[in-house]
2 protein chains.
Amino acid sequence: MVLSEEHRLVDALKRAGLKLTPQRLAIAEALTGDETHPTAQELYARLKPRFSSMSMATIYNTLGALTKIRGCRELEMGGATRFDPNVTPHDHAVCERCGAIRDVELESGEAPDSEPCPLPGFQVERIERVYRGVCAQCAEAA
Amino acid sequence: MVLSEEHRLVDALKRAGLKLTPQRLAIAEALTGDETHPTAQELYARLKPRFSSMSMATIYNTLGALTKIRGCRELEMGGATRFDPNVTPHDHAVCERCGAIRDVELESGEAPDSEPCPLPGFQVERIERVYRGVCAQCAEAA
DNA sequence: TCTTCGCTTAGAACCATTCTTATTTAGGAA
DNA sequence: TTCCTAAATAAGAATGGTTCTAAGCGAAGA
Ligand SMILES: [Mn+2]
Ligand SMILES: [Mn+2]
Ligand SMILES: [Zn+2]
Ligand SMILES: [Zn+2]
């Protein structure tokens, strides 16, 4: 399970017929298991030491490719796109104080596409929920 | 009710001690009752004919002021900030095809801040729900 | 090994938003 | 009504995130 998780993104790239370049492998590795929902810039900063010539375009291209093949998903939060390696249906809790974004698992038994008809004729494909508030650490600090 | 709605934003500006400039009144008027969740650019384009010298800065300043005094709310969608004159708690349905954003009223009886504890220690202040799917018009066209 | 098309890079371009500064003006005071 | 001044506007520069472009590079199949 841990091993298969480590290779999930690599396998996805391979299955899609995309080349396994060192940059892509490093980006996939950096994103795998990362629960902080990093931005492109953050991943770039993390990888720059190892790939001093890496370009932002490569970061965006790879993340875009991974998104297209469902290896990750994109979140629009705080004026920037954030990348999430967790592609199972789940929600997010955002701290208004420190900006941290944490995963929130669905209530067990809650179908990912339950929720009653929002608008007549609107076909719901999925629901994104964002809990806004104060995280445990920030609440304690105050 | 219609009249009071027409003046809601103007009253809010007045109560906050902000000056009632022609630009602000026009922006408030343009936003009032607008259910399309327009961007700053869209409002600018709509007002440019009447105020040929209006600056984007004025649009952003006014919308920022209105947001601060709870005259409207901001939504982050599709890579741009959208402005919503409806400040009552409600959700949104976004069409993946045409990008239209429609209001979705809360289920009657659904407290705006119900929903069980998402994370231990996280204090939920509000929940934002986005229904993603295909709107009635786009579904029919296909 | 060779070849080729996909990939990476650097930097320009683009777009939304914010900032800066000079000028104008709303609205209270006289 | 006129005057005064803090607040607001306009123009454009600056910023920050993201995408595009063009030239060289290299992964991987033959
Ligand atoms: Mn997540
Ligand atoms: Mn709305
Ligand atoms: Zn926090
Ligand atoms: Zn549609």
Side-chain angles (χ1 to χ4, degrees), chain A residues 9-30 37-69 71-83 99 101, chain B residues 9-30 37-69 71-83 99 101:
Chain A
L9 295 183
V10 176
D11 287 345
L13 287 169
K14 221 179 284 182
R15 258 182 285 112
L18 297 170
K19 290 187 178 173
L20 301 183
T21 66
Q23 293 90 337
R24 279 181 177 164
L25 293 175
I27 293 168
E29 183 194 4
H37 306 89
T39 63
Q41 305 275 348
E42 286 165 354
L43 289 169
Y44 177 75
R46 213 180 298 169
L47 296 172
K48 196 69 195 290
R50 277 209 284 142
F51 295 83
S52 59
S53 75
M54 183 180 281
S55 157
M56 281 299 303
T58 298
I59 300 274
Y60 279 108
N61 286 341
T62 297
L63 291 172
L66 286 173
T67 301
K68 181 150 37 173
I69 63 180
C72 67
R73 62 189 276 211
E74 300 181 353
L75 304 178
E76 252 180 70
M77 318 223 81
T81 304
R82 294 182 165 275
F83 297 88
I101 304 173
Chain B
L9 294 183
V10 176
D11 287 345
L13 288 169
K14 221 179 284 183
R15 257 182 286 111
L18 298 170
K19 292 185 178 176
L20 301 182
T21 66
Q23 294 89 338
R24 279 181 176 166
L25 294 174
I27 293 167
E29 184 193 5
H37 306 89
T39 62
Q41 304 274 350
E42 287 166 353
L43 289 169
Y44 177 75
R46 213 179 297 169
L47 296 171
K48 196 70 194 293
R50 280 209 282 141
F51 296 83
S52 57
S53 75
M54 184 179 279
S55 156
M56 281 301 300
T58 298
I59 299 273
Y60 278 108
N61 286 341
T62 296
L63 292 171
L66 285 173
T67 301
K68 180 147 43 170
I69 64 180
C72 67
R73 64 189 276 208
E74 300 182 352
L75 304 178
E76 251 179 72
M77 316 224 83
T81 303
R82 295 182 166 274
F83 297 88
I101 304 172

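Any value given below was found using the heavy atoms of this structure, including those in side chains, with hydrogens, waters and symmetry copies removed.
- The distance from atom CG of A:L25 to atom C1' of D:dG26 is 14 Å, rounded to the nearest whole Å.
- In this structure, B:K68 NZ and B:E74 CD are separated by 11.0 Å, a value rounded to the nearest 0.5 Å.
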For nucleotides 5-17 of chain D, read 5' to 3', which letter fits each nucleotide if B means a protein heavy atom sits under 4.0 Å from the base, S means only the sugar-phosphate is that close, and - means neither?
-BSSSBB-----S
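- Put simply, CD1 on A:I59 is 16 Å from P on C:dC7, counting in whole angstrom units.
- Distance CG (A:L43) to P (D:dT18): 11 Å, rounded to an integer number of Å.
- To the nearest 0.5 Å, atom CD1 of residue B:I69 and atom CG of residue B:D11 are 10.0 Å apart.
- In this structure, B:R82 atom CZ and C:dA16 atom P are separated by 10 Å, rounded to whole Å.
- Atom CG of B:L75 is separated from atom P of C:dT17 by 12 Å (rounded to the nearest Å).
- Applying the side chain to side chain contact (heavy atoms under 4.5 Å, CB included) test between B:F83 and each of B:L63, B:L75, B:I27, B:L66 identifies B:L63 as the sole match.
- A:I59 places a side-chain heavy atom less than 4.5 Å from the side chain of A:L47.
- Straight-line distance from the CD atom of B:E42 to the P atom of C:dT17: 11 Å, rounded to whole Å.
- For the side chain to side chain donor-acceptor pair (under 3.5 Å) with B:Y44, the lone residue among B:E42, B:K48, B:R46 that qualifies is B:K48.
- Rounded to a whole Å, the CD atom of B:E74 is 16 Å from the P atom of C:dA16.
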Apply side-chain contact (heavy atoms from CB on, under 4.5 Å) to residues A:R24 and A:L13 and explain how you reach the verdict.
CA-CA 9 Å; A:R24 279 181 177 164; A:L13 287 169; 4.3 Å; yes
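- For the pair B:L20 CG and C:dG28 C1', the computed distance is 14 Å after rounding to whole Å.
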